[in-house]
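Letters go in sequence order (proteins before strands), and every chain restarts at 1. These numbers were taken from a predicted model, which means no experiment stands behind them.
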Protein chains: 2
Amino acid sequence: MLEVFRALAEPSRLQIVDLLCGEPLPVGSVAERLGIRQPQASKHLRALTDAGLLEVRHDAQRRIYALRGQPFRDLDMWLSRYRTLFEEQFEKLDSLLEELKLEERKKSQSPKKRLPAKPRLRS
Amino acid sequence: MLEVFRALAEPSRLQIVDLLCGEPLPVGSVAERLGIRQPQASKHLRALTDAGLLEVRHDAQRRIYALRGQPFRDLDMWLSRYRTLFEEQFEKLDSLLEELKLEERKKSQSPKKRLPAKPRLRS
DNA sequence: TACGACTATTCGTGTCAAGGAATATTTTGA
DNA sequence: TCAAAATATTCCTTGACACGAATAGTCGTA
């Protein structure tokens, strides 16, 4: 997962992934469409392949790169851990924060009272 | 999107996100649970905030960091572009890989001979 | 076999960012 | 206002990596 993020954390490589989403392409086409030189294209394709994002097919002298499904499924699964979060996050957060405040007040024996919550979550 | 990937492409920061998925936390707790020093925690939290992944709440001297939903929704949308891809690719992929295997075996047995069939991914 | 087309790798260089240590800043309470 | 707690920032060094240029490897064909 870290490897996937690392691989995608580069402009050219992100572009390549977007590009290969449409169709598999040989190195030369990738280089041409991105406006980069062939060696750089090869390097980035290599990095993406090492990260498990691409697979290669040999066609004569050509190497045709295509997206692999697995890492995207992995990413989807990773995301799903947060998917539920955005829906009920707000109430949970608020109640938690209030609990924290209450505890501190108790601990410090403070006479100050600020019970009403300030849900300043998204600006 | 690039910024999000860049922010997540670092072990500590990925851990922080995983950590804050459970509950919002102040800097000190983050540092402690990750086994890193406070300045580093502050820096990483700053990076994540700059990337739009976190939001801060002030509680006395404490800064309590919490996940924001938006970037994850963005990521989900970005992923959706590929979602259709890895559903129909299965059969194609399997047949392609088998064909490749056959080809290689043939090559190692009787070199200089090509299979007439060229597997195309998306024609 | 030699050549041309296509791709991969190596090497040197410069840039950016992470870690560590020290210090500045903010906020609360006495 | 001063001290302490919590956090942020700065400076420095170092390692990772992206780029360019040159070179090496691979494959089909004449």
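- With respect to the salt-bridge test (charged N to carboxylate O, under 4.0 angstrom), the residues A:D76 and A:R83 qualify.
- Nearest heavy-atom pair, A:R68 versus A:L54, reported as atom, atom and distance to 0.1 Å: CD-O, 3.5 Å.
- Atom CG of B:L48 is separated from atom P of C:dA17 by 14 Å (rounded to the nearest Å).
- Exactly one of A:I16, A:V30, A:V27 qualifies for a side-chain contact (heavy atoms from CB on, under 4.5 Å) with A:Y65. That residue is A:V27.
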Tabulated below should be each protein N or O lying under 3.5 Å from an N or O of nucleotides 18-22 of chain D; please produce it.
{"unit_1": "D:dA18", "atom_1": "OP1", "unit_2": "A:R13", "atom_2": "NH2", "d": "3.1"}
{"unit_1": "D:dA18", "atom_1": "OP2", "unit_2": "A:R13", "atom_2": "NH1", "d": "3.3"}
{"unit_1": "D:dC19", "atom_1": "OP2", "unit_2": "A:H44", "atom_2": "NE2", "d": "2.7"}
{"unit_1": "D:dG20", "atom_1": "N7", "unit_2": "A:Q40", "atom_2": "NE2", "d": "2.7"}
{"unit_1": "D:dG20", "atom_1": "O6", "unit_2": "A:K43", "atom_2": "NZ", "d": "2.6"}

Please evaluate residues A:R57 and A:R63 with respect to the criterion side chain to side chain contact (heavy atoms under 4.5 Å, CB included), reporting the C-alpha separation (whole Å), side-chain torsions for both, the decisive distance (0.1 Å), and the verdict.
CA-CA 6 Å; A:R57 188 171 65 87; A:R63 310 289 161 94; over 6 Å; no
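- The rotation axes computed at either terminus of the helix from C:dT1-D:dA30 to C:dT15-D:dA16 lie 20° apart, taking five pairs at each end and rounding to 10 degrees.
- Remark: B:Y65 is in phosphate contact with D:dA8, judged by side-chain N or O atoms under 4.0 Å from OP1 or OP2.
- Taking a 6.0 Å sphere around CZ of B:R81, one finds it holds more than 12 heavy atoms contributed by other residues, nucleotides or ligands.
- Using a 4.0 Å cut-off between charged nitrogen and carboxylate oxygen, B:E23 and B:R33 count as a salt-bridge pair.
- To the nearest angstrom, P of D:dA16 lies 15 Å from CG of A:L2.
- Computed from coordinates, the A:R63 CZ to C:dA5 C1' distance equals 13 Å when rounded to whole Å.
- Taking only side-chain atoms of B:R46, from C-beta outward, the nucleotide of D:dT9, C:dT28, C:dT7 with the closest atom is D:dT9.
- Ring planes of B:Y82 and A:F72: parallel class, angle under 30° (limits at 30 and 60°).
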As a quick check of understanding, evaluate side chain to side chain contact (heavy atoms under 4.5 Å, CB included) for A:L53 and A:Q70, giving each step before the final call.
CA-CA 8 Å; A:L53 281 158; A:Q70 193 56 50; over 6 Å; no
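- Note: CG (B:L25) to C1' (D:dT7) measures 15 Å, nearest angstrom.
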